[in-house]
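The figures that follow rest on heavy atoms only: side chains count, while hydrogens, waters and symmetry mates do not. We count ligands from 1, going down the list as the structure has it; atoms in each ligand are counted the same way. The shown structure was predicted, so the numbers you read here are calculated from the model rather than taken from an experiment.
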Amino acid sequence: MKRFFCLFVLVCALLCGCSGETAPVQQTIFCMDTVMDLQVWGKDAEEGIAQIGAALKDLERTWSAVSEDSLLCRLNRGDPVSLSEEESALLQRIEGLSEQTGGAFNPKLRALSECWGFYNENHRVPSPSEITAALLESQWDLGGALKGYAGQECAVLLSQLDVDRAMLVLGGNVQTYGEKPDGAPWQIGIQNPDGSGNLGILSVSGTMSIVTSGDYQRYFEVDGVKYHHILDPENGYPADSGLCSVTIICRDGLTADCLSTALFVMGLEKATEFWRSSDDFEAVFVTTGGAIYATEGASLSGCQYEVISR
Ligand code: AMP
Ligand code: MG
C-alpha cells in the first residue's frame with residue numbers, strides 16, 4: 001500500500017513538476033523504507049544527485065529505528081553514544097516541535113508503533129494493557145520527522161553546487177529546490193485519500209517542503225476496522241481525529257514533517273487554532289467525510305474547498 005502511494009506521488013510530481021526546457025538528471029532509490037525519486041537540473045546535477053543519494057543513505061543509517069547498530073537504536077538501548085553537534089541539534093529541535101504541538105507530535109513512540117506491528121509488518125491489535133505499557137516507554141522513533149529533515153538537508157547540499165533546480169520526491173514528502181526557468185510555480189499533486197487520483201494541485205514557489213500525512217499511507221484492517229500508523233499519544237490508538245489527510249507547506253522541512261503528523265492527531269479545530277497562532281506554514285486538510293479545507297496562503301486548485309482565514 002505504502003509503495004503504491006509513493007509511486008503515485010512520484011508520478012504526480014513527474015507530471016506536474018518539471019516543465020523546464022532541459023532534461024534533469026534523475027535517479028530512483030529505495031531509502032528510509034520508501035521509494036524516492038530525485039530529479040536535479042543544472043551543471044552540477046550529476047554531482048548533486050550523488051551527494052543527495054549519499055546523504056539520504058547516511059541519515060537512514062544514523063536514524064534507523066530498526067537497524068540494531070544505528071545511532072538511534074544505540075540511544076534507545078542506553079548504550080554510551082556521543083552525538084555530533086548536528087545530531088544533538090536535530091533531536092533538540094524535534095523535542096522543541098513536540099512541545100510546541102502540546103505533545104501531539106511525540107518522537108518517542110517507538111514501542112507503541114512496534115506493538116501495533118508497524119515496524120516489522122506484523123500487524124495486530126494490541127491489548128489495552130500492552131498499549132498502556134508501551135505508552136510508558138520512551139524510545140526514539142523519527143519516522144514522523146526524518147524525511148522532512150532529509151529533504152531540507154538535500155536542499156542545503158544543492159545550494160552549495162551549481163544546480164538550477166530540483167524536485168525530490170521522498171515517499172509522501174516533496175522537496176522543491178530553486179525556481180523553474182519560466183518563473184512558473186512548481187505544481188504538486190496531493191493524493192486523494194480514497195486512492196482515486198489527485199485531490200488537487202498545489203502551486204509553490206522556490207525551495208519548499210510539502211509533506212502529507214495520511215491514514216491511507218500505511219494501515220491494516222481487522223474485522224473490517226482500519227488501523228493506521230499515526231498514533232494518538234493520549235490513548236495509544238490510531239488517531240481518530242476526523243481527518244484523513246494533512247498536507248503542510250513550509251520552507252523548513254523538519255517543521256513540515258512534524259506538523260503534518262501533529263496536526264493530523266489534533267483534528268481540524270485544534271489544527272486551525274495552531275495555524276492561526278503560527279506564521280510559518282500553510283496547510284490542506286481532508287476530513288474523513290471528504291471535505292477539503294485549505295489555509296488562506298495555500299495555493300490549491302482543481303478541487304472545491306473551504307478557505308481557513310486568519
Ligand atoms: P508521518 O507519515 O510523517 O505522519 O509519520 C508517521 C510515522 O511517525 C509513523 O509511521 C511512526 O513511525 C511515527 N509516529 C506515529 N504517530 C506519531 C506521533 N503522534 N508523533 C510522532 N511520530 C509518530
Ligand atoms: Mg510527519
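Ligand-side atoms of ligand 1 in range of A104: 18 (C), 19 (N), 20 (N), range being under 4.0 angstrom from any heavy atom. Those atoms of ligand 1 that come under 4.0 Å of a heavy atom in Q217, given as number and element, are 2 (O). Counting the atoms of ligand 1 from 1 in the order shown, those under 4.0 Å from a heavy atom of S213 are 1 (P), 2 (O), 3 (O), 4 (O). Those atoms of ligand 1 with a heavy atom of P233 less than 4.0 angstrom away are 19 (N). Near L109, the atoms of ligand 1 lying under 4.0 angstrom from a non-hydrogen atom of the residue are 17 (C), 18 (C), 19 (N). Residue D141 has at least one heavy-atom neighbour below 4.0 Å for each of these atoms of ligand 1: 11 (C), 12 (O), 13 (C). The contact set between ligand 1 and D257, taken as ligand atoms under 4.0 Å from a residue heavy atom, comprises 3 (O).
No hydrogens or angles considered: nothing links the side chains of N106 and S98 as a donor-acceptor pair under 3.5 Å. With 3.5 Å as the limit, one finds a donor-acceptor pair spanning the side chains of D194 and S196.
Distance check for S213 against the Mg ion (ligand 2): none of its N/O/S atoms falls below 2.8 Å. Among the atoms of G144, an N, O or S atom falls under 2.8 Å from the Mg ion (ligand 2).
For E86, the CD atom is loosely surrounded, since the number of other residues' heavy atoms within 6.0 Å does not exceed 12. Around CD of E296, the count of heavy atoms belonging to other residues, nucleotides or ligands within 6.0 Å exceeds 12. Annotation for D240: atom CG does not count as buried by contact number, only 12 or fewer foreign heavy atoms lying within 6.0 Å.
To the nearest 10 degrees, the angle centred on the Mg ion (ligand 2) between OG1 in T261 and OD1 in D257 reads 170°.
At a 4.0 Å cut-off, at least one heavy atom of F105 sits close enough to ligand 1 to count as contact.
A centroid separation of less than 6.0 Å is found between the aromatic rings of H123 and F118.
A single hydrophobic cluster is seen to contain both Y149 and L91, as judged by linkage of ILVMFWY side chains at heavy-atom distances under 4.5 Å, directly or through other members.
Residue T261 places at least one N or O, backbone or side chain, under 3.5 Å from an N or O of ligand 1. For P107, no nitrogen or oxygen atom sits less than 3.5 Å from a nitrogen or oxygen atom of ligand 1, counting backbone and side chain alike.
When the options N106, L231, L112, I230 are ranked by their closest heavy atom to atom 19 (N) of ligand 1, first place goes to L231. Considering S98, G144, G236, A65 only, the shortest heavy-atom separation from atom 8 (O) of ligand 1 involves G144. When the heavy-atom distances from atom 2 (O) of ligand 1 to H229, H228, K147, E114 are ranked, the shortest goes to H229.
Look at E95 and K108 and you find a salt bridge, because one of the NZ, NE, NH1 or NH2 atoms lies within 4.0 Å of a carboxylate O, short of that distance.
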(request) Begin from the C-alpha positions of E137 and E114 and carry the test side chain to side chain contact (heavy atoms under 4.5 Å, CB included) through to its verdict. (result) CA-CA 11 Å; E137 299 218 15; E114 188 169 25; over 6 Å; no
(request) Would you please test T62 and L72 for side chain to side chain contact (heavy atoms under 4.5 Å, CB included) and show each step? (result) CA-CA 7 Å; T62 305; L72 193 83; over 6 Å; no
